[in-house]
Amino acid sequence: MSARIIDGKAIAAELRAKVAAEVTRLSTQHGVTPGLAVVLAGNNPASESYVGSKAKATKEAGMTSFDHRLPDSVSQAELMALVNKLNADPAVHGILVQLPLPQQIDAQQVLDAVDPTKDVDGFHPVNAGRLASGLPALVPCTPLGCVLLAKTVHPSLAGLDAVVIGRSNIVGKPLALLLLQKDATVTICHSKSRDLEKIAASADILVAAVGKAKLITGRMVKPGACVIDVGVNRLTDGSLAGDVDFAAASEIAGWITPVPGGVGPMTIAMLLENRVRAASAVK
Ligand code: GUN
């Protein structure tokens, strides 16, 4: 069997068109143009590339992008002062502090300082707690994108066995909570899990979010499963690979996301949607 490809690029483009229409409505009916402030400290090449894509998508959706570039040597006090200034700025509806931050910075203190109503990454403990409690919250973009992709395959996730590999605050944990909200039966695996292969092979929906190229082999995929690959790993030959061995897994899975062109475009589309939600709340 050969798995069908879940085309994240096409699904993200549809979502972005809907967001652009909502931006037009907000600006014509309420005079509000959603604005995103992106804070990038240092010159990590991967971060530069993410931030560039986010700024481009922001402008294409008719929103305003405020870019703040800070040197690698930035101090905690300077970064905190910038976040406080953005919190107070009415033209800024969303604030995104690109991670990782330079090593001298206490990243948690910076994330904690972002106004939770402008926290379009959903990284603030208030939003994390609200998500865990089932309350309305700004939710991290990558997990939102993963759920949307899974729902294109299974419009109802109720009762399905979902296995999430990875327990980060950015992807694994919030994704597990979102899947639980959709009534899936959720298992989270991590580096200390015993018999990862057996647990993974029980999944109707298998999500890999570890950051290790080709960790997920064909033997870890249940026949017909929906496989969502969050990993973006640069190989020594310069090419990109996900956490899933795509060639092997696509022989067994029912549906699979490619890397690139799967989860990545969804993350940016969901960021735009989070921003519109943050801006709608103040209109
Ligand atoms: N670094 C890697 N992924 C992300 C993300 O989703 N948001 C932010 N702010 N930084 C990141």
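These figures come from a predicted structure and were not determined experimentally. Start at 1 and go down the list; that is how both ligands and their atoms are numbered. Numbering of residues begins at 1 and proceeds along the displayed sequence. Atoms considered below: every heavy atom in the structure, side chains included; atoms not considered: hydrogens, waters and symmetry mates.
Distances from atom 3 (N) of ligand 1 to the protein include no heavy-atom value under 4.0 Å.
Of all protein heavy atoms, the one lying nearest to atom 11 (C) of ligand 1 is Q98 NE2, 3.3 Å.
A donor-acceptor pair under 3.5 Å is absent between the side-chain atoms of K182 and the main chain of L157, judged by distance alone.
Inclusion of L96 in the set of residues having an N or O under 3.5 Å from an N or O of ligand 1 is not warranted. Ligand 1 has an N or O atom lying under 3.5 Å from an N or O atom of L99, backbone or side chain.
Assignment of T142 to the shell around ligand 1 is not supported, since no heavy atom sits closer than 4.0 Å.
With rounding to the nearest 0.5 angstrom, the CG atom of L40 is 8.5 Å from the CG atom of D67.
A donor-acceptor contact closer than 3.5 angstrom links the side chains of N233 and D243.
For Q104, the CD atom is densely surrounded, since the number of other residues' heavy atoms within 6.0 Å is greater than 12.
At a 4.0 Å heavy-atom cut-off, ligand 1 touches D121 through the side chain alone.
Of the listed residues (V19, L96, V120), just one forms a side-chain contact (heavy atoms from CB on, under 4.5 Å) with N274, and that residue is V120.
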